[in-house]
Amino acid sequence: MTLRLFNTLTKTKDDFVPLDAKNVRMYVCGPTVYDFAHIGNARPVIVFDVLFRLLRHTYGDAHVTYVRNITDVDDKINARAAERGISIRELTEETARIYEEDVAALGNLPPSVTPRATEHIAQMIKIIEQLIAAGHAYAADGHVLFEVSSKADYGKLSRRSLDEMLAGARVEVAPYKKNPMDFVLWKPSEAALPGWDSPWGRGRPGWHIECSAMAGEYLGETFDIHGGGIDLQFPHHENEIAQSEGAHHGHPLAKVWMHNGFLQVEGEKMSKSLGNFFTIRDLLADWPGEVLRFNMLRTHYRQPIDFTVAGLKESWKMLERWYEVTEPLVDPAPDAAFFEALADDLNTPAAIASLHQADELALAGGLDFLGFSNVQMKLANKTEVDTVAIADAIAARNAARKNKDFKESDRIRDDLLAKGIVLKDGPGGTTWEVKR
RNA sequence: GGCCUCGUGGCGGAGUGGUGACGCAGCGGAUUGCAAAUCCGUGAACCCCGGUUCAAUUCCGGGCGUGGCCUCCA
């Protein structure tokens, strides 16, 4: 089985050949921790978690390093902390903790390393010094800026030239910039804001440098896969490339760049003003994490996805049916069709479709492989109801049915239904579930 | 305005130069005291206009529409 991945850099789907099969390396941009993560943020986490699982399966658990950072220094963070009247540290710690809980509830494995930006300031400063030495950056007015014109291939990831970008021309014009497209690597910090001593005075990093620093620290100059949302392609990833390659004598940052598509909600852009803005936490209150995860994987990662309640219901139904079939199995293993689908650029919809044709063992194996455990589904179905009272009612109803007292048996059934309990009479007896 | 993305049946969603996946819903049947659940069966699609070809949903060109980026809202 050969893994094939679509590379945004080349726009082609190529065979994946690791730089070092003993240590396959992947970096995915994590959250800036200033607020709850929303369902759109969940997509790359889930998608690249599946890739992480597939890489571990292929190369061995001990031979894959997956880094997903936490950005805990940012102007949005500063603003939010001031707004809430709490310290920056309190805000970032609280938000990061919630984030970890949320992504765990969605069935994601923890990455190998979860570095924090504020713990890598020294590495950022080092890269900036290297960039200045290499003629890719300049200090001006307390700032350090990356000089985009110094790198001939700037724009190669997003396939746009400097001329094209300037044509759009809505960039911030600052007097200290040589070129309007030059972007900030380091900027001065006033006393009230977080700051670190640097060769350019007390300051704080620009937006993109933290990823270059952390990727370099844990994965080396060049690694295998860099992932993130398509919205990060420009400017974030483009600038990461410029910084890392500029500091590393032009050595490529990542061999394969992968980008997941955008998410919409009920056919519309998710936004607070439209009232269709959902945090992961909101959704977890109403839906098992597995259902949210399954719903995400039913669409190929590069396609746009429309997140709908109807889709969630369908996902729940499919999962539940499968769980009923697979529950007693102990030693599951996915089949070849399943892996072939995943190996083809992470084609999760095709992999899921293969499960409909699979035998029970392969079905259970496929579900397990994709991170579906059934734990939350069971909880969602059994919590906050009186299971003893339900069992009693079922016994009473079955006794009535035996006596052909259907008026009484139907009364009991309707009574339970009114409490949100649906009965199912199967060949093995009567079971129940919570109505949705 | 520039660059890019996507457009498949009621819905979701793969895939392919020629025998039209799969799932959900629907419909028919089995089962059931009646339902629900379950099982079996089943109709239905490739945005528009050109081009290439014996043959296009699939390749090429144009158009229309969706969405994204160009503004440190993923």
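Protein chains get the first letters and strands the later ones, always in sequence-line order, with residue 1 at the start of each.
- Here B:rC4 presents its P atom at 11 Å from CD of A:Gln233, a figure rounded to the nearest Å.
- A:Lys11 comes within 4.0 angstrom of the backbone, heavy atoms only, and of no base.
- Among the atoms of the strands shown, only primed sugar atoms or phosphate atoms (P, OP1, OP2) are found under 4.0 Å from some heavy atom of A:Tyr34.
- Using a 4.0 Å heavy-atom distance criterion, A:Ala350 is classed as a sugar-phosphate-only contact.
- Using a 4.0 Å heavy-atom cutoff across all strands shown, A:Leu417 reaches no nucleic acid atom at all.
- Applying the 4.0 Å criterion to OP1 and OP2 of B:rG15, one finds that A:Asn347 has a side-chain N or O inside that range.
- Per the stacking criterion (ring centres < 5.5 Å, plane angle < 30°), A:Phe406 stacks onto the base of B:rG33.
- Interface remark: the A:Asp306 side chain does not form any donor-acceptor pair with the B:rG12 base, using a distance-only criterion of under 3.5 Å.
- The aromatic rings of A:His237 and A:Trp257 sit tilted, their planes meeting at an angle between 30° and 60°.
- Side-chain N/O atoms of A:Arg413 and base N/O atoms of B:rA36 include no donor-acceptor pair closer than 3.5 Å.
- A perpendicular orientation is assigned to the rings of A:Phe369 and A:Phe338, their planes being inclined by more than 60° (bins at 30° and 60°).
- Applying the 3.5 Å distance criterion, the base of B:rG23 shares a donor-acceptor pair with the side chain of A:Glu314.
- With hydrogens and angles left out, the side chain of A:Asp410 and the base of B:rA35 share no donor-acceptor pair within 3.5 Å.
- As judged by a 4.0 angstrom heavy-atom cut-off over every strand, A:Thr299 is placed among residues touching the sugar-phosphate backbone only.
- Taking 4.0 Å as the cut-off between side-chain N and carboxylate O, A:Arg97 and A:Glu93 do not count as a salt-bridged pair.
- Contact annotation for A:Arg401: base contact, defined as any heavy-atom pair under 4.0 Å involving a base atom.
- A:Lys269 comes within 4.0 angstrom of the backbone, heavy atoms only, and of no base.
- Residue contacts shown for A:Asp425 include a base, since a base heavy atom lies under 4.0 Å away.
- Between A:Arg302 and B:rC6 there is no side-chain N or O to OP1 or OP2 distance below 4.0 Å.
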